[in-house]
Number of protein chains: 2
Amino acid sequence: MQDTKRHAYAHARPALAVDCVVFGFDEDQLRVLLIQRDLPPFAGGWALPGGFVRIDETLDEAARRELHEETGVDRVYLEQLYTFGGVDRDPRERVVSVAYYALVKLSSHQVAAATDARDAAWFALDDLPPLAFDHADIIETAHRRLQGKLRYEPIGFELLPRKFALSQLQRLYEVVLEQPLDKRNFRKKVLSMDILDELDEVQKDVAHRAARLYRFDERRYRRAKKAGQEFQL
Amino acid sequence: MQDTKRHAYAHARPALAVDCVVFGFDEDQLRVLLIQRDLPPFAGGWALPGGFVRIDETLDEAARRELHEETGVDRVYLEQLYTFGGVDRDPRERVVSVAYYALVKLSSHQVAAATDARDAAWFALDDLPPLAFDHADIIETAHRRLQGKLRYEPIGFELLPRKFALSQLQRLYEVVLEQPLDKRNFRKKVLSMDILDELDEVQKDVAHRAARLYRFDERRYRRAKKAGQEFQL
DNA sequence: AAAGGATAGTGTCGGACAAACACTTAGGCA
DNA sequence: TGCCTAAGTGTTTGTCCGACACTATCCTTT
């Protein structure tokens, strides 16, 4: 409840920001998109893209706007993660931050778009630079959330090219979940979900037998989900 | 990232509040604790307990403080739920609210404590009065989260007396998950988790065969969880 | 004291799904 | 032509989940 009495007082208000943990998948590494700060505090240090919430935009809008402004990234899977409200997160003043995580297809042109705007760069999740504020905590929380989500919802496709081989998908799962998976069981499981289109196309420019390509069929997925189907592992 | 440049500008800031969805379990109903507003907007209407975040307290602290001030409820299971940032949530001004959900043991004296402070009352989840702001949305989100959480973490005990019968626990699961469960399978499953102490005590004042009482053993639970044990259903 | 009512408490079987496991095929490259 | 690398493919075994019905205990009523 927002109490009208206390509304009358002009209490000091925490500032409200959004921060985005942008995940990308690069062959066999999970990466995070960071930007380099040019001003104190943490000048020269790396931080998550983000910024203050404007008075006339929703939180989701703020997250997408900042993401676009600071990294050029656009039209991605985006979901609210957690709100970080530690009193001393920011040394200047009280800032509460609503954290989001995003999944992008590194294969698209987005890498280029990302790297020209400001000083943005992809870092391997297991080899991050020192981070500003509590952004290391936020990334850790995002990683755990991604692991949990991936186990029971097929969002892995958001990190792959539109057309992909099953082995790519498996590598993605192995990297994110940090555990090896059995090839035959994995294929059996994924194909049995019946949400992939088998294409009449195979990989190009590989130095070995080319793998068949598949495409995620979002329509079928939605229908199956509505019908109560599960998508574990 | 909190951008220092924009810090210089005195942008209009959204106000920041917390709201709490407090769940209680009453024999065979899931209930929510609401308070009655005495001032506009929505004067006389019902709303979630909550209020503005102070400049020197964390979000968790704010949630616990408001909960205590407005309902007398104290020392409960509390977890952040989601942050609601719709632009027109509050007709007076822009207010972003970090929602929490809490689980309380109705059996404790907390009911009494809750009902004396202000006009607080328990409502059955499936028979709520008209609610202020977007609080109906928040409660719905909290309910779904509770369902999801209960499926794979043993938090049901937070809603029951310290000593309880297995049938009570089962009814709780049935009510929250909105599906009937098989008695024998349920007992088998719960007991196999090995996180309950079987007490040398039975129910009193029941008009039929008295059931054996159990107690949740949090130490054992933590140890088992650390060892990687699952707690599904 | 007996009968009835209500809930407690208990075990088995069958089917489905998950986990373990190895060889053959295809294509590029030396 | 041979080799290297990854693709692709089934079966078996065990475990866990779900379905299912009767007896025991205690209190209440007559």
Side-chain angles (χ1 to χ4, degrees), chain A residues 25-29 150-152 154 160-161 163-175 177-215 224 227-233, chain B residues 25-28 150-152 154 160-161 163-175 177-215 224 228-233:
Chain A
F25 180 67
D26 170 16
E27 285 308 299
D28 49 346
Q29 283 241 295
L150 198 61
R151 264 180 241 279
Y152 60 91
L160 291 179
K163 300 172 181 182
F164 54 87
L166 290 184
S167 59
Q168 288 179 279
L169 186 63
Q170 180 178 345
R171 248 187 319 268
L172 168 61
Y173 271 76
E174 289 177 333
V175 167
L177 301 180
E178 295 175 314
Q179 59 173 314
L181 299 171
D182 179 86
K183 180 162 56 159
R184 283 175 284 190
N185 293 336
F186 180 80
R187 285 168 170 255
K188 215 184 310 171
K189 195 69 199 284
V190 170
L191 292 176
S192 76
M193 289 180 188
D194 202 41
I195 52 175
L196 293 186
D197 287 336
E198 181 173 335
L199 304 177
D200 290 327
E201 220 173 319
V202 295
Q203 288 179 317
K204 292 283 274 179
D205 303 318
V206 287
H208 52 78
R209 177 176 176 183
R212 157 146 280 123
L213 295 179
Y214 292 82
R215 186 172 44 194
Q229 193 181 124
E230 300 276 334
F231 301 93
Q232 276 217 135
L233 237 190
Chain B
F25 181 67
D26 169 17
E27 284 308 299
D28 50 344
L150 198 63
R151 266 180 240 279
Y152 60 92
L160 290 179
K163 300 172 181 181
F164 55 87
L166 291 185
S167 59
Q168 288 179 279
L169 186 64
Q170 182 178 344
R171 250 187 318 269
L172 168 61
Y173 271 75
E174 290 177 333
V175 168
L177 300 181
E178 296 175 314
Q179 59 172 314
L181 299 171
D182 179 84
K183 180 161 58 157
R184 282 175 287 193
N185 294 337
F186 181 81
R187 287 169 169 252
K188 216 185 310 172
K189 195 71 199 285
V190 170
L191 291 176
S192 76
M193 290 179 186
D194 202 42
I195 52 176
L196 293 186
D197 288 334
E198 180 174 335
L199 303 178
D200 289 327
E201 219 173 323
V202 294
Q203 289 180 317
K204 292 283 273 180
D205 304 317
V206 286
H208 51 78
R209 176 174 175 182
R212 159 145 279 123
L213 295 179
Y214 291 81
R215 187 173 43 196
Q229 193 182 122
E230 301 277 334
F231 300 92
Q232 276 216 136
L233 238 191

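Heavy-atom basis, side chains included; hydrogens, waters and symmetry copies ignored. Below, read A as the first sequence line, B as the second, and so on, with proteins coming before strands; counting in each chain starts at 1.
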Q: Take atom CD of A:E198 and atom C1' of D:dG8, then tell me their distance rounded to the nearest Å.
A: 11 Å
Q: Could you tell me whether the side chain of A:Y214 reaches within less than 4.5 Å of the side chain of A:F164, counting heavy atoms only?
A: yes
Q. Under a 4.5 Å cut-off applied to non-hydrogen side-chain atoms, are A:L166 and A:L196 in contact?
A. yes
Q. Contacts to DNA chain D from residues 183-194 of chain A, heavy-atom cutoff under 4.0 Å, which residues?
A. A:K183, A:R184, A:R187, A:K188
Q. Do the side-chain N or O atoms of B:S167 get closer than 4.0 angstrom to the phosphate oxygens (OP1, OP2) of C:dA8?
A. yes
Q. Atom CD of A:Q170 and atom C1' of D:dG8: how far apart are they, to the nearest Å?
A. 12 Å
Q. How far does CG of A:L160 sit from CD of A:Q168, to the nearest 0.5 angstrom?
A. 6.0 Å
Q: Determine whether more than 12 heavy atoms belonging to other residues, nucleotides or ligands lie under 6.0 Å from atom CD of A:E230.
A: no
(Q) In the structure I gave you, are the side-chain heavy atoms of A:Q203 and A:L213 within less than 4.5 Å of one another anywhere? (A) yes
(Q) Would you say NZ of B:K163 has more than 12 non-hydrogen atoms from neighbouring residues, nucleotides or ligands within 6.0 angstrom? (A) no
Q) Should we say atom CD of B:E27 is surrounded by more than 12 heavy atoms from elsewhere, each under 6.0 Å from it? A) no
**Q.** Length of the line joining B:L181:CG and D:dC17:C1', which is rounded to integer Å
**A.** 13 Å
Q. Got a donor-acceptor pair under 3.5 Å from the side chain of B:R209 to the base of C:dA6?
A. no
Q: Take the protein atom NZ of A:K204 and the nucleotide atom P of C:dA26, then report the distance between them rounded to whole Å.
A: 18 Å
Q | Distance, rounded to the nearest Å, where A:L169 contributes CG and D:dG8 contributes C1' | A | 16 Å
Q: Would you kindly give the CG-to-P distance between A:L166 and D:dT9, to the nearest whole Å?
A: 9 Å
Q) Roughly how many Å is it from CD in A:Q232 to C1' in C:dA19, rounded to a whole number? A) 15 Å
Q: Can you figure out which of D:dC27, C:dC21, C:dG9 approaches the side chain of B:A207 most closely?
A: D:dC27
**Q.** Rounded distance (Å) that lies between atom P of D:dC16 and atom CD of B:Q229
**A.** 12 Å
